[in-house]
**Q** 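Before I ask anything, let me first share the structure, which is written out below as structure tokens.
We count residues from 1, following the sequence as given. Side chains included, hydrogens not; waters and symmetry mates left out as well; all remaining heavy atoms used.
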Amino acid sequence: MPDRAPQPVDRQLPTDEARDLISLVRDIAQREIAPGAAEEEEAGRFPREVFTLLSRAGLLGLPYDSEYGGGDQPYEVYLQVLEELAAARLTVGLGVSVHTLASYALATHGSKQQQVEHLPEMLGGGLLGAYCLSEPSSGSDAASLRTKAVRDGDAWVLSGTKAWITHGGIADFYTVMARTGEDGPRGISAFLVPGDAAGLSSAAPEKKMGMKGSPTAQVHFDGVRVPDERRVGEEGQGFAIALSALDSGRLGIAACAIGLAQAALDEAVAYATGRQQFGRPIADFQGLRFMLADMATQVEAGRALYLAAARLRDAGRPFAKQAAMAKLHCTDTAMKVTTDAVQILGGYGYTADFPVERYMREAKVLQIVEGTNQIQRMVIARHVAGPETR
């Protein structure tokens, strides 16, 4: 079959600086990320050297203040960078999104002293972050978390277990939500915990159907002492910080989903235009042409939806409903498009010789992380129809 290289996405970018940034990201993706993605995912290898490179290139703190090492980029641009990275390898795109999520609490609610002391290393100093909200018995019902932080003089002592933590066991810092007061959301506070803190450990990484190169593990806090100056925000403000972070984080997941879907679409087009059956390319057959048309439309619609939400965020307007819509639609699109790509490749699509089977396995988790798509529907319905009656 002829080699049909995918065409770069034609992006609407607000500045020449943003266009240069996307060119840089595409170059890094093509040279440093995509070539080894399949082999490293199969081996379960996390590409830490890629994250070091991204940090040096200023790509781990794009939406944050340049005063602390960030990139001063609007979310409209940052999310399109994520999409490009995820198209090359989801482990990398999702990893950057999670690192950005882990940095959110300090960047938006930290004191000036905390930001000066910690943010430059977090955003551009080669560190990698993780976000600790979920627990073995509190996933969707995050406000019922049990990890405790007990005051002991000028420090807090953290005890408990967090679950489903991306970068668990390899992160340099953890943004941790722990209970400091009453039951429910008002009794939760946020802490910035060093990855090498005494009493902090992790379980073996989960054995997953996809994204094997991205470690997901339980993280245990066994009497971890954290100075009070590492508490972020006010006591009892942690859950509000967590929800605010997730609104932005869901846009990151949406962008990653569209990157993955775009990669699957590109593979399907290349195969369909090169594969000959009955004396002509299979892309000539209406059944497949219509599949490709639907896939392309879904990808474009998802991109437009997450960018519309990002522009609301950049304008300082409410965007929680649109973030939930983007996360729901884009991740469902990724699942549908990757599944259709496997179908278009037929038997070859079911083999590891082509990447679409990996894309399909990876797409599934995007419908689950940072709020399942059932939770997104609940969020959207509350905005549309008001809260549920009891």
**Q** Under a single-linkage definition using a 4.5 Å side-chain heavy-atom cutoff for Ile, Leu, Val, Met, Phe, Trp and Tyr, are L79 and M325 assigned to the same hydrophobic cluster?
**A** no
**Q** Is R250 salt-bridged to E370, going by a charged N under 4.0 Å from an acidic O?
**A**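 Between E370 and R250 there is no salt bridge, as every charged N stays at least 4.0 Å from the carboxylate O atoms.
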**Q** Would M335 and L90 show up in the same hydrophobic cluster when neighbours are defined by side-chain heavy atoms closer than 4.5 Å?
**A**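 Yes, same cluster.
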**Q** Quick check: does any side chain N or O of E84 sit under 3.5 Å from a backbone N or O of R26, one acting as donor and the other as acceptor?
**A** no
**Q** Ignoring hydrogens and angles, tell me if any N or O in the side chain of T100 forms a donor-acceptor pair with the backbone of V96 under 3.5 Å.
**A** yes
**Q** For S134 and K162, what are the C-alpha separation, side-chain angles and deciding distance, and is it a side-chain hydrogen bond (donor to acceptor under 3.5 Å, both in side chains)?
**A** CA-CA 6 Å; S134 294; K162 294 295 182 177; over 6 Å; no
**Q** Do the side chains of R151 and D228 get nearer than 4.5 Å, heavy atoms only?
**A**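 D228 vs R151: side chains touch.
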**Q** Taking the side chain as every heavy atom from C-beta outward, state whether M211 and R361 have any atom pair closer than 4.5 Å.
**A** no
**Q** Linking directly or through intermediates, with side-chain heavy atoms under 4.5 Å: list the remaining ILVMFWY members grouped with W156, chain and number order.
**A**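 L158, I165, Y174, V176, F191, V193, L200, V219, F221, V224, V226, listed by chain and number.
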**Q** With a 6.0 Å cut-off on ring centres, are F173 and H167 close enough?
**A** no
**Q** Using 4.0 Å as the upper bound for N to carboxylate O, is an ion pair formed by K336 and D332?
**A** no
**Q** Give a yes or no on whether the backbone of G213 and the side-chain of E41 come within a donor-acceptor separation of less than 3.5 Å.
**A**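 It does hold such a pair.
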**Q** Report, one line per pair, each donor and acceptor closer than 3.5 Å where one atom sits in a side chain of residues 111-124; sequence neighbours left out.
**A**
unit_1: S111; atom_1: OG; unit_2: Q114; atom_2: N; d: 3.1
unit_1: S111; atom_1: OG; unit_2: Q114; atom_2: OE1; d: 3.4
unit_1: K112; atom_1: NZ; unit_2: E67; atom_2: OE2; d: 2.7
unit_1: K112; atom_1: NZ; unit_2: Y68; atom_2: OH; d: 2.8
unit_1: Q114; atom_1: OE1; unit_2: S111; atom_2: N; d: 2.8
unit_1: Q114; atom_1: NE2; unit_2: E229; atom_2: O; d: 2.6
unit_1: Q114; atom_1: NE2; unit_2: R231; atom_2: O; d: 2.8
unit_1: Q115; atom_1: OE1; unit_2: Y68; atom_2: OH; d: 3.3
unit_1: Q115; atom_1: NE2; unit_2: L106; atom_2: O; d: 3.1
unit_1: Q115; atom_1: NE2; unit_2: A107; atom_2: O; d: 3.1
unit_1: Q115; atom_1: NE2; unit_2: G110; atom_2: O; d: 3.4

**Q** Got a donor-acceptor contact below 3.5 angstrom from the Q343 side chain to the D340 backbone?
**A**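 No.
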**Q** Are I33 and Y78 linked, directly or through other ILVMFWY residues, by side chains that come within less than 4.5 angstrom of each other?
**A** yes
**Q** Hydrophobic clusters here meaning ILVMFWY residues chained together by side-chain heavy-atom distances under 4.5 Å, can you tell me if L94 and L128 are in one?
**A**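 Same cluster: L94 reaches L128 through Ile, Leu, Val, Met, Phe, Trp or Tyr contacts under 4.5 Å.
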**Q** Does R289 use its side chain to pair, donor to acceptor, with the backbone of A283 at less than 3.5 Å?
**A**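 Checked: pair present.
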**Q** With a 4.0 Å cut-off, would you call R303 and E83 a salt bridge?
**A**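 A salt bridge links R303 with E83.
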**Q** Indicate yes or no for a side-chain donor-acceptor contact from Q218 to the backbone of W164 under 3.5 Å, with no hydrogens or angles considered.
**A** no
**Q** Quick check with a 6.0 Å cut-off and a 45 degree axis cone: is R311 positioned over the face of Y306's six-membered ring?
**A** no
**Q** Do Y104 and Y64 have ring centroids that are under 6.0 Å from one another?
**A**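 Centroid distance Y64-Y104: not below 6.0 Å, so no.
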**Q** Is V369 reachable from I380 through a run of hydrophobic residues whose side-chain heavy atoms are each under 4.5 Å from the next?
**A** no
**Q** Keeping T372 on the side-chain end and I368 on the backbone end, is there a donor-acceptor pair under 3.5 Å?
**A**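 Flag not set: sc T372 to bb I368 has no pair under 3.5 Å.
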**Q** Please identify each residue that fulfils ring-ring contact (aromatic ring centres under 6.0 Å, His included) with Y131, with sequence neighbours left out.
**A** none
**Q** Please determine whether a side-chain nitrogen of the Lys or Arg among D172 and R48 lies less than 4.0 Å from a carboxylate oxygen of the Asp or Glu.
**A**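 Yes, charged N to carboxylate O under 4.0 Å.
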**Q** Members other than I375 in its cluster, when Ile, Leu, Val, Met, Phe, Trp, Tyr link by side-chain heavy atoms under 4.5 Å?
**A**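 Members alongside I375: M378, V379.
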**Q** Show your reasoning for whether side-chain hydrogen bond (donor to acceptor under 3.5 Å, both in side chains) applies to D141 and S138.
**A** CA-CA 5 Å; D141 183 15; S138 63; over 6 Å; no
**Q** Using a 3.5 Å distance criterion without hydrogens, assess whether the side chain of D314 forms a donor-acceptor pair with backbone atoms of E76.
**A**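 At least one qualifying donor-acceptor pair exists.
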**Q** Using links of under 4.5 Å between side-chain heavy atoms of ILVMFWY residues, direct or through other members, which residues join F290 in one cluster?
**A** none
**Q** Would one find more than 12 heavy atoms of other residues, nucleotides or ligands at under 6.0 Å from atom CZ of R317?
**A** no
**Q** Partners of Y348 by ring-ring contact (aromatic ring centres under 6.0 Å, His included), sequence neighbours excluded?
**A** F354
**Q** Sub-3.5 Å donor-acceptor pair from the side chain of R179 to the main-chain atoms of A143, do we have one?
**A**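 Checked: pair present.
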**Q** So that I can tick it off, tell me whether E235 and R186 are bridged by a salt bridge, with the cut-off set at under 4.0 angstrom between side-chain N and carboxylate O.
**A** no
**Q** Decide side-chain hydrogen bond (donor to acceptor under 3.5 Å, both in side chains) for H220 and S201; before the verdict, give the C-alpha distance in whole Å, the side-chain angles of both, and the deciding distance to 0.1 Å.
**A** CA-CA 5 Å; H220 306 299; S201 63; 5.2 Å; no
**Q** Between the main-chain N or O of L366 and the side-chain N or O of K327, is there a donor-acceptor pair closer than 3.5 Å?
**A** yes
**Q** Is it true that R382 and E388 have a side-chain N and a carboxylate O under 4.0 angstrom from each other?
**A**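 Yes, this pair counts.
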**Q** Going by an N to O cut-off under 4.0 Å, is there a salt bridge joining K212 and E40?
**A** no
